[in-house]
Q: 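Have a look at this one.
Throughout, protein chains are lettered first and strands after them, A, B, ... in sequence-line order, and every chain is numbered starting at 1.
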2 protein chains.
Amino acid sequence: MARTRTSPTDPLTLEVVQLIGSVVARYYEEYEQAAAQHALTGAQARVLGLLSLAPMRMREIAHELKCEPSNVTGIVDRLESRGLVERRADPADRRVKRAAVTAVGAETAAELRDGLDFAREPLATLSREERVVLRDLLARMLSPDVSGTTSSPSGATSSPSGA
Amino acid sequence: MARTRTSPTDPLTLEVVQLIGSVVARYYEEYEQAAAQHALTGAQARVLGLLSLAPMRMREIAHELKCEPSNVTGIVDRLESRGLVERRADPADRRVKRAAVTAVGAETAAELRDGLDFAREPLATLSREERVVLRDLLARMLSPDVSGTTSSPSGATSSPSGA
DNA sequence: TATTGTTATACTCTATAACTATA
DNA sequence: TATAGTTATAGAGTATAACAATA
């Protein structure tokens, strides 16, 4: 299992790690802030964003959020009570409920996405070539396996996509 | 106040934004997981990490966490009840309390840091030059103002470091 | 009077366990 | 019996408002 520790004390690596931490912190801030502007919590905004792509079963939502299904009930309840989401019965299996955005919910989700300037705006200061480089480096960070070398089969990253 | 929208539909930019979202999600997961391995919540781990750098007043902690000071009371209470942190009186101003890690707390904080492999391990697959490029690109994302010159002296980002 | 930290309160998110209605 | 969703419960983080001690 050789844990291939990456010389944690390498100054350059530490610097990059810290920068990533800063990006993460900043991104989260902006996300919560954008959600709050629509009087939504982070979790509610995430669910609304997910459902704006496609209706989902309660259990699927829980899986995407990486939380227990019982929690989804309340989150969808609150979105539903505000008319942003609705529950639909599944004709094939009457145990299943599919949550789906309403027209208003879809609109809110779109506004929410547009409000996320942090990740997009600073990118404008980068040239097209630089963005390509950044894309490739980030992609390799997310799936280290492609390098064909180093290690861990750990593949199947199945895109967290939550945030 | 021209809102300088960055052509939100540019496919390349969208791709990078999505990658950043994935990195953020993955980093957060790993952080929470590392915290949980020490039976700490994310907030507790963040405070412990902050205090491991230097003792802080309750209000300062709140500022770093970007939350209300009243919340810090409970978080520090829980850390203190586990012997990871202690409150110290400030001789100069008796209203002030400084929270500081205990020896055990410092050790836990160090283990916590070592447990954060995500940001560090994938970086090993990048060459030194690539890491330099990544560092510069991330730095520019975090301080778009420097646009003129390429290499900001990483100027005092005051590291949110929370995450 | 202003500031520091705390308490009190209410809401949301979270996990766990038990329940229902289906299958 | 197993599964989908819910309810019930408890712990934690959060914001707001009010309070004590100190400045």
Side-chain angles (χ1 to χ4, degrees), chain A residues 25 28-29 31-33 35-51 55-82 84-100 162-163, chain B residues 25 28-29 31-33 35-51 55-82 84-100 162-163:
Chain A
Y28 241 76
E29 264 175 63
Y31 192 87
E32 296 284 326
Q33 193 176 313
Q37 281 174 0
H38 293 274
L40 293 169
T41 65
Q44 287 164 13
R46 269 186 293 277
V47 170
L48 188 63
L50 280 173
L51 297 182
M56 291 177 79
R57 299 149 74 118
M58 305 300 278
R59 263 194 141 67
E60 286 181 272
I61 299 174
H63 184 257
E64 289 295 323
L65 258 60
K66 298 183 207 310
C67 73
E68 294 301 314
S70 59
N71 300 320
V72 178
T73 298
I75 298 171
V76 169
D77 277 351
R78 282 161 218 128
L79 289 171
E80 192 167 30
S81 73
R82 287 182 49 188
L84 300 174
V85 153
E86 64 183 9
R87 283 174 167 91
R88 296 175 186 164
D90 183 325
D93 185 337
R94 282 155 57 195
R95 291 173 302 180
V96 172
K97 283 176 189 166
R98 286 182 182 279
Chain B
Y28 241 75
E29 264 175 63
Y31 192 86
E32 296 285 327
Q33 194 177 312
Q37 282 173 359
H38 293 274
L40 293 170
T41 65
Q44 288 165 12
R46 268 187 292 279
V47 170
L48 188 63
L50 280 173
L51 297 182
M56 292 177 79
R57 299 148 73 118
M58 304 300 277
R59 261 194 143 67
E60 285 181 273
I61 299 174
H63 184 258
E64 289 296 323
L65 258 61
K66 299 183 207 310
C67 73
E68 294 301 313
S70 59
N71 300 320
V72 178
T73 299
I75 298 171
V76 170
D77 277 352
R78 282 160 217 130
L79 289 171
E80 193 167 30
S81 74
R82 286 181 49 187
L84 301 174
V85 153
E86 63 184 8
R87 282 174 169 91
R88 295 174 186 164
D90 183 325
D93 185 336
R94 282 156 56 195
R95 291 173 305 182
V96 172
K97 283 176 189 166
R98 287 182 181 280

Q: Taking OP1 and OP2 of D:dA20, is either one under 4.0 Å from a side-chain nitrogen or oxygen of B:R94?
A: no

Q: Is A:R87 near enough to D:dT6 that one of its side-chain N or O atoms lies under 4.0 angstrom from OP1 or OP2?
A: yes

Q: Could you tell me the separation between the CG atom of A:N71 and the C1' atom of C:dT12, rounded to a whole number of Å?
A: 10 Å

Q: If the cut-off is 4.0 Å, is B:R59 near the phosphate of C:dT4, judged by side-chain N/O to OP1 or OP2?
A: yes

Q: Return the value, rounded to whole Å, for the distance between atom CZ of A:R98 and atom P of D:dT6.
A: 14 Å

Q: For the pair B:R88 (side chain) and B:P55 (backbone), establish whether a donor and an acceptor sit closer than 3.5 Å, ignoring hydrogens and angles.
A: no

Q: Of all the nucleotides listed (D:dA15, C:dT16, C:dC13), which has the minimum atom distance to the side chain of A:E68?
A: C:dT16

Q: Start with the C-alpha gap between B:I61 and B:R46, add the side-chain angles, then the distance that decides, and say whether side-chain contact (heavy atoms from CB on, under 4.5 Å) holds.
A: CA-CA 10 Å; B:I61 299 174; B:R46 268 187 292 279; over 6 Å; no

Q: Hey, mind stepping through A:D93 and A:R98 against salt bridge (charged side-chain N to carboxylate O under 4.0 Å, His left out) and telling me if it holds?
A: CA-CA 11 Å; A:D93 185 337; A:R98 286 182 182 279; over 6 Å; no

Q: Are OP1 or OP2 of C:dA21 and a side-chain N or O of A:K97 less than 4.0 angstrom apart?
A: no

Q: B:R95 CZ to C:dT1 P: how many Å, rounded?
A: 16 Å

Q: So which of B:L79, B:L84, B:V85 actually passes side-chain contact (heavy atoms from CB on, under 4.5 Å) with B:Q44?
A: B:L79

Q: From C-beta outward on B:Q44, which listed nucleotide comes closest to its side chain: C:dT14, C:dT4, D:dA12?
A: D:dA12

Q: Where the side chain of A:T73 is defined as all heavy atoms beyond and including C-beta, which of C:dA23, D:dT7, C:dT4 is the nearest nucleotide?
A: D:dT7

Q: Could you state the atom-to-atom distance from CG of B:L65 to C1' of D:dA15 in whole Å?
A: 14 Å

Q: Do the side chains of A:T41 and A:R78 get nearer than 4.5 Å, heavy atoms only?
A: no

Q: Tell me: CZ of B:R46 to C1' of D:dT14, nearest whole Å?
A: 12 Å

Q: Kindly point out which of C:dT14, D:dG5, C:dA23 is positioned nearest to the side chain of A:C67?
A: C:dT14

Q: Whole angstroms only, please: what is the CG-C1' distance between B:D90 and D:dA21?
A: 14 Å

Q: Between C:dA8 atom C1' and B:D77 atom CG, what is the distance in whole Å?
A: 14 Å

Q: Nearest to the B:I75 side chain among D:dA12, C:dC13, D:dT14, which nucleotide is it?
A: D:dT14

Q: Check whether the side chain of B:S70 and the base of D:dT16 form a donor-acceptor pair under 3.5 Å.
A: yes

Q: Nearest whole Å is fine: how far is C:dT4 P from B:H63 NE2?
A: 12 Å

Q: By the 4.0 Å heavy-atom rule, please label B:T41 as base, sugar-phosphate, or nothing.
A: sugar-phosphate

